[in-house]
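Worksheet for the structure shown next.
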Amino acid sequence: MNGMLGNDLGCSMKPLLEALRGGTPWPPPVWLMRQAGRYLPEYRALRTKAQSFIHFCLTPELAIEATLQPIRRFPLDAAILFADILLVPHALGQEVAFVANEGPKLVPIRDAAALARLSTASFAETLAPVMETIKGVRAELPDDVALIGFAGAPWTVATYMIEGEGGSDFENIRGVAYREPGFFAALLDRLVEATSAYLILQGDGGAEALQLFDSWAGVVPASLFESAVIAPTARIVGAVRAAHPEIPIIGFPRGAGSHLKTYVEQTGVDAVGIDFMTSLARVRNEVPESVALQGNLDPVLLRDGGAAMANETRGILASMHGHPFIFNLGHGVLQTTPPEHVAELLNLVQGARK
Ligand code: 1CP
């Protein structure tokens with residue numbers, strides 16, 4: 001969509017949606033990946049009310065509150081649904097647990113028999129509370145704050161499903177992807193279908209933009225990037241757009257590096273999240289003028305605050321003025337981040353000169 005349209009409608013449209021539609025509101029809209037979570041004391045207090053992390057995500061009263069906590073504290077332009085990418089394997093019947101201080105643990109799926117045991121029979125029912133959360137958040141959000149829904153992209157979700165945990169070296173998934181292409185393609189197919197259905201439900205519930213997190217796109221072997229990242233993402237974008245043509249889709253292929261341009265061209269995403277290893281100014285020259293860019297302050301700079309954060313923030317703003325842009329981090333907020341640094345960052349971004 002063209003930038004003029006976004007600018008003309010700017011006064012009535014939420015700034016995040018204006019940028020996602022190709023407009024260039026300035027100062028740019030800003031939100032932060034992982035803006036809810038353990039760096040906030042009020043989150044840590046709320047978290048003690050649920051016996052497990054999955055229960056927490058699937059209890060609308062708690063998930064609504066967790067989604068709204070950063071919005072109450074900071075003048076952000078978007079809320080992101082409080083949930084997790086691993087709710088999809090959970091809803092397909094894979095055993096998923098979150099172990100305190102260790103992260104996710106799953107009973108791994110590495111062959112066709114294990115894959116065949118997954119089922120969509122109770123998928124929509126299991127995830128129905130997420131739709132209640134979306135409705136509840138929408139009812140409470142200020143008029144100019146947009147609600148972003150999300151899911152993990154198939155490759156990234158498959159890494160957890162096959163490895164059985166986070167923080168691995170990805171040797172199992174790479175081995176399986178090369179050695180058993182039929183099984184691997186079948187797993188990605190299941191995930192394309194489930195993820196499309198889940199995102200469509202989020203759109204039905206009232207999500208105003210959707211982000212696909214491909215956090216581990218950086219470890220995909222080059223010869224598999226097309227089949228493991230681009231094609232599944234393009235299918236999801238197509239399915240979601242057919243159901244909800246009005247909802248913009250943000251892709252975040254973290255670590256995609258030299259594949260980024262192809263990713264944008266071939267998946268059809270409306271916007272792309274840029275990691276902190278990649279130069280925004282360079283990507284700006286490579287992608288169509290209508291594709292919004294989102295990113296890419298190093299979360300370490302937010303943790304540390306001060307002059308280094310201010311300098312880098314000014315550089316990012318200078319390089320993106322005049323292009324559809326959403327200020328964000330290059331990955332999620334670190335747990336050790338002092339909340340005051342978020343306020344400091346928002347002051348810098350929102351004080352940017354017109
Ligand atoms: O006990 C706790 O509080 C658990 C910590 C936690 C939180 C707060 C996890 C476990 N997930 C979440 C919420 C979450 N996860 C959100 C909503 C909050 C927000 O963004 O404000 C979102 C968008 C996610 C997405 C997510 N989960 C991603 C993609 C983003 C990224 O960081 O790359 C990934 C990879 C996960 C898996 C996951 N869930 C939780 C952990 C500790 C992990 C990562 C494990 C690993 O490093 O491999």
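Numbers here are sequence positions counted from 1. Computed over heavy atoms, backbone and side chain alike; hydrogens, waters and symmetry mates excluded. All ligand and atom numbering here is 1-based and tracks the order in the structure.
- Ranking the protein heavy atoms by distance from atom 23 (C) of ligand 1 puts F150 CZ, 3.4 Å first.
- Annotation: W216 places no N or O atom under 3.5 Å from an N or O atom of ligand 1; distance criterion only.
- Among the atoms of R254, none of the N or O lies under 3.5 angstrom from an N or O of ligand 1.
- Scanning all heavy atoms of the two residues, the minimum distance from R303 to T336 falls at CD-OG1, 3.3 Å.
- The aromatic rings of H259 and F225 lie parallel to each other, their planes meeting at an angle below 30°, with 60° marking the opposite boundary.
- Between Y43 and F82, the ring planes are tilted. Angles from 30° to 60° get that label.
- Applying the 4.0 Å criterion to heavy atoms of S215 picks out, from ligand 1, the atoms 29 (C), 30 (C), 31 (C), 33 (O), 35 (C).
- Between T156 and ligand 1, no pair of N/O atoms sits closer than 3.5 Å.
- Ion pair E42/R72 not flagged as a salt bridge, since none of the NZ, NE, NH1 or NH2 atoms sits closer than 4.0 Å to an Asp/Glu carboxylate oxygen.
- Of all atoms in ligand 1, listed by their number and element, those nearer than 4.0 Å to a heavy atom of P104 are 45 (C).
- Residue F98 has at least one heavy-atom neighbour below 4.0 Å for each of these atoms of ligand 1: 10 (C), 39 (N), 40 (C).
- Interface atoms of ligand 1 facing G166, defined by a heavy-atom separation under 4.0 Å, are 48 (O).
- In this structure, E246 does not pair ionically with R21, as no charged nitrogen and carboxylate oxygen lie closer than 4.0 Å.
- Residue-to-ligand polar distances place A36 within reach of ligand 1: an N/O pair is separated by less than 3.5 Å.
- Considering each of W31, F56, Y43, Y160, the one bringing a non-hydrogen atom nearest atom 45 (C) of ligand 1 is Y160.
- The closest side-chain heavy-atom distance from L32 to L297 is not below 4.5 Å.
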